[in-house]
Amino acid sequence: MGLPAYGCYDLATAGDGADAPVLLYDVDPRTLAPDLAQLEATMREGAAAVVVAHFYGCPVDLADINRAAATHGTVVIEDAAQALGGTVRDRQPGVKAPLRSSASGAAKPDRGSAVLSSP
Ligand SMILES: Cc1ncc(COP(=O)(O)O)c(C=O)c1O
């Protein structure tokens, strides 16, 4: 499982709970978007899934990430816990993702944990 090297404790424990080997990738310190080369390296190293988080309401543009994932047969899980209603390419983060998580914490906009999947 590919996870951002910057993130919250919950991301690491989810990987641990899934008993999946965790491969970390860096995020850009300015945009907080994944370093695409490092993210793709986790896919090459065998990550069956990668988690991409939209930190602090800064939505990540997933076009290149989804293309890379399709090439490697990797599932992209969007963590929208901090997505805060932003948009990128006229869509809300996570809305068309194959898998998307939201959060239940009192400070989160979704107010209810869920893992949602698109048909
Ligand atoms: C990016 C991110 N993902 C996941 C979580 C987990 O959220 P919860 O434990 O509220 O479901 C949090 C909580 O702070 C978060 O910030």
Side-chain angles (χ1 to χ4, degrees):
M1 165 175 275
L3 293 177
Y6 170 82
C8 58
Y9 179 75
D10 307 291
L11 288 172
T13 54
D16 192 42
D19 205 17
V22 170
L23 301 165
L24 297 175
Y25 66 82
D26 276 335
V27 298
D28 182 301
R30 192 177 52 84
T31 65
L32 301 178
D35 176 311
L36 185 59
Q38 289 192 16
L39 180 58
E40 202 166 354
T42 71
M43 298 176 188
R44 270 197 307 276
E45 287 170 39
V50 293
V51 177
V52 176
H54 304 280
F55 289 116
Y56 302 108
C58 301
V60 175
D61 185 348
L62 285 149
D64 291 339
I65 294 169
N66 285 335
R67 263 192 294 276
T71 303
H72 295 282
T74 306
V75 174
V76 177
I77 302 171
E78 280 187 65
D79 180 335
Q82 297 184 19
L84 302 173
T87 59
V88 61
R89 294 183 194 259
D90 292 330
R91 76 166 182 90
Q92 291 182 315
V95 166
K96 288 191 176 163
L99 280 176
R100 171 211 173 178
S101 67
S102 62
S104 59
K108 302 296 187 312
D110 286 351
R111 293 291 176 94
S113 274
V115 175
L116 309 171
S117 66
S118 297

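Model, not experiment: these values are computed from the prediction.
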Query raised in the report: Any chain of hydrophobic side-chain contacts (each under 4.5 Å) joining Tyr56 to Tyr25?
Result: yes
Requested in this report: Look at the side chain of His54 and the backbone N and O of Gln82, then say whether any donor-acceptor pair between them is shorter than 3.5 Å.
Outcome: no
Query raised in the report: How long is the gap from OG1 on Thr71 to CD on Glu40, to the nearest 0.5 Å?
Result: 7.0 Å
Query raised in the report: CZ/Arg44 to OG1/Thr74 distance, rounded to the nearest 0.5 angstrom?
Result: 10.5 Å
Query raised in the report: Of the non-hydrogen atoms in Ala47 and Gly2, which two are nearest, and what is the gap between them?
Result: CB-N, 3.7 Å
Report task. Mind listing the closest non-hydrogen atom pair of Phe55 and Gly7 along with its distance? Result -> CZ-CA, 3.7 Å
Query raised in the report: Is Tyr6 close to Leu11 at the side-chain level, that is, under 4.5 Å between some pair of heavy atoms?
Result: no
Report task. State the CG-CG distance between Leu39 and Leu24, to the nearest 0.5 angstrom. Result -> 11.5 Å
Requested in this report: Take Glu78 and Ile65, measure what side chain to side chain contact (heavy atoms under 4.5 Å, CB included) needs, and give me the verdict at the end.
Outcome: CA-CA 11 Å; Glu78 280 187 65; Ile65 294 169; over 6 Å; no
**Report entry** Joint cluster assignment, Leu23 & Leu36, ILVMFWY side-chain distance < 4.5 Å
**Finding:** no
Report task. Heavy atoms only: give me the nearest Ala5-Asp26 pair and the separation to one decimal. Result -> CB-OD1, 3.8 Å
Report summary line: Exactly one candidate in Asp10, Leu3, Val51, Val52 meets side-chain contact (heavy atoms from CB on, under 4.5 Å) with Asp79; the answer is Val51
